[in-house]
Amino acid sequence: LGKAQRSPYALYRPELDRHSLVRLALMSELKGAVEQGQLSLYFQPKLDIRQRCLMGVECLVRWIHPVHGFVPPDEFIPLAEQTGNVCALTRWVVRTALAQSRAWQEQGLALKTAVNVSALDLADPGFAGFIAAQLAEHAVPPGSLVVEITESAVMADPEQALGQLQQLCELGVRLSIDDYGTGYSSMAQLKRLPVHELKIDKSFVLDLLSNPDDDIIVRSTVELGHNMGLKVVAEGVETDAVLQRLDQLGCDIAQGYLLSKPLAPVAFAEWLAKTHW
Ligand code: C2E
Ligand code: CA
Ligand code: CA
Ligand code: CA
């Protein structure tokens with residue numbers, strides 16, 4: 001027996017080992033998941049608060065594993081990053097999202113389509129070029145694509161990331177800072193980035209009405225964003241009361257279960273058909 005296996009933790013906490021075995025198995029299967037069509041893209045609507053109309057969607061990836069069933073993205077995206085599969089995953093997401101965006105366009109729907117990208121995508125010198133080629137291939141106007149990035153993704157390799165973001169910006173793609181407020185970056189960082197949108201993390205939005213600190217944070221983020229000429233989005237909007245408060249605070253866009261949870265393509269089409277805004 002190796003040292004690690006003699007550790008008391010291996011005896012007392014077998015559930016950890018089982019869990020890591022599943023993780024290992026999933027890691028090795030991720031590449032196949034992209035290739036074998038086990039991924040699915042879900043869509044969550046974004047509401048223009050003032051106009052009370054649908055302005056866009058966020059695309060969120062789902063992995064329906066043949067044995068383990070639904071694997072949450074919070075679990076497999078980090079695995080994809082560790083195994084170097086996340087760039088292939090992002091490319092699949094972008095292709096699928098732009099094909100859908102094109103289809104909406106043909107139905108006369110002008111929806112801004114947002115995708116999430118990881119640090120490794122921004123470190124890839126070919127990333128902006130890939131996006132440009134995909135926009136051309138699907139004939140989607142660059143302004144219809146929103147790329148959501150987290151502050152930590154930018155901080156992983158700021159020079160490389162800034163180069164890619166600058167190129168995306170020059171193409172006319174819109175950039176959004178995701179999970180705003182949870183990273184360690186500052187206004188100084190924000191000033192260096194060619195962004196169009198701030199997305200306030202749901203941890204500040206969920207309890208907006210009961211937590212005075214959250215109210216202050218949301219209010220000052222809206223003010224900061226507007227002073228910098230940015231649109232401000234709140235995610236995690238679950239109640240009508242929170243939506244009303246966001247409206248009072250001048251927040252521009254809302255996303256959350258109140259409007260709809262992320263929906264599979266067919267369910268989203270049905271939702272579109274019956275929604276009034
Ligand atoms: P995120 O980008 O911050 O996405 C928002 C998450 O909040 C989504 O979780 C969404 O389902 C959830 N959410 C939306 N509305 C509400 C609400 O009203 N209340 C609550 N409690 N939650 C809400 P999801 O889909 O599980 O995704 C988790 C994370 O996984 C995402 O966080 C994102 O970081 C990552 N992710 C998802 N899809 C992709 C992808 O295609 N590429 C990459 N790189 N990351 C992705
Ligand atoms: Ca996001
Ligand atoms: Ca977010
Ligand atoms: Ca998040």
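Atoms within a ligand are numbered from 1 in the order they appear, just like the ligands themselves.
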Handout entry: Closest approach of Ala114 to Glu148 (non-hydrogen atoms, all atoms of both residues)
Key = CB-OE2, 3.5 Å
Fill in the blank from the handout: Per residue Glu148, nearest N, O or S atom to the Ca ion (ligand 2) is named OE1
Handout entry: Metal proximity, Ser176 vs the Ca ion (ligand 2), N/O/S cut-off 3.0 Å
Key = no
Handout entry: Cation-pi check, Arg62 onto Phe70 ring (under 6.0 Å, within 45° of axis)
Key = no
Problem - Shortest non-hydrogen contact between Val205 and Val237, atoms and distance - result: CG1-CG2, 4.0 Å
Handout entry: Glu235 neighbourhood, listing ligand 1 atoms whose heavy-atom distance to it stays under 4.0 Å
Key = 3 (O), 5 (C)
Fill in the blank from the handout: Short version for Asn116: what comes under 4.0 Å of ligand 1, heavy atoms counted, is both
Problem - Sub-4.0 Å heavy-atom contact, Gln255 with ligand 1 - result: no
Handout entry: Structural part of Lys261 in contact with ligand 1, heavy atom criterion under 4.0 angstrom
Key = neither
Handout entry: Straight-line distance of Met55 CE to Lys112 NZ, nearest 0.5 Å
Key = 6.0 Å
Exercise for the section: Please confirm whether Trp277 and Trp271 have ring centers closer than 6.0 angstrom. Expected result: yes
Problem - Glu58 versus Asn116, side-chain donor and acceptor atoms under 3.5 Å - result: yes
Problem - Proximal atoms of ligand 1 relative to Pro262 (non-hydrogen, under 4.0 Å) - result: 11 (O)
Fill in the blank from the handout: The atom of Glu58 among N, O or S that is nearest the Ca ion (ligand 2) is OE2
Practice task
For Lys199 and Gln255, run side chain to side chain donor-acceptor pair (under 3.5 Å): C-alpha distance rounded to whole Å, both residues' side-chain angles, the deciding distance at 0.1 Å, then the answer.
Solution key: CA-CA 10 Å; Lys199 238 180 142 169; Gln255 179 182 344; 2.9 Å; yes
Exercise for the section: First locate atom CD of Gln167, then atom CG of Leu165, and finally report the distance between them rounded to the nearest 0.5 Å. Expected result: 9.5 Å
Fill in the blank from the handout: In ligand 1, the atoms that come under 4.0 Å of a heavy atom of Gln44 are 14 (C), 15 (N)
Exercise for the section: Please state which part of Val237 comes within less than 4.0 Å of ligand 1, counting heavy atoms only: side chain, backbone, both or neither. Expected result: backbone
Fill in the blank from the handout: A student comparing Asp178, Leu39, Thr182, Leu60 should find that the heavy atom closest to atom 10 (C) of ligand 1 comes from Leu60
Handout entry: Polar proximity ligand 1 side, Glu148 side, N/O cut 3.5 Å exclusive
Key = no
Handout entry: Nearest to the Ca ion (ligand 3) - the N/O/S atom of Asp179, by atom name
Key = OD1
Exercise for the section: Restricting to N/O/S, name the atom of Asp178 that gets closest to the Ca ion (ligand 3). Expected result: OD1
Exercise for the section: Would you give the length of the straight line joining atom CG of Leu54 to atom CH2 of Trp104, rounded to the nearest 0.5 angstrom? Expected result: 9.0 Å
Exercise for the section: Any atoms of ligand 1 less than 4.0 Å from a non-hydrogen atom of Glu58? List them with their elements. Expected result: 2 (O), 4 (O)
Completion exercise
So CG of Asp247 and CG of Leu47: to nearest 0.5 Å the spacing works out to 9.5 Å
Exercise for the section: Decide whether Thr90 and Asp121 meet the rule of one side-chain donor and one side-chain acceptor closer than 3.5 Å. Expected result: yes
Exercise for the section: Provide the number and element of each atom of ligand 1 under 4.0 Å from a heavy atom of Asp74. Expected result: 28 (C), 29 (C), 30 (O)
Handout entry: Donor-acceptor side-chain pairing of Gln38 and His65 below 3.5 angstrom
Key = no
Handout entry: Thr90, any N or O under 3.5 Å of ligand 1 N or O
Key = no
Handout entry: Val93 neighbourhood, listing ligand 1 atoms whose heavy-atom distance to it stays under 4.0 Å
Key = 41 (O)
Problem - Shortest reach to atom 6 (C) of ligand 1 by a heavy atom, considering only Lys202, Glu75, Glu81, Glu238 - result: Lys202
Practice task
Could you tell me whether the Ca ion (ligand 2) has an N, O or S atom of Glu235 under 3.0 Å away?
Solution key: no
Problem - Any donor-acceptor N or O pair under 3.5 Å, side chains Gln244, Asp240 - result: yes
Fill in the blank from the handout: Here the atoms of ligand 1 under 4.0 Å from any heavy atom belonging to Asp179 are 3 (O)
Handout entry: Polar atom proximity, Val61 to ligand 1 (N or O, under 3.5 Å)
Key = yes
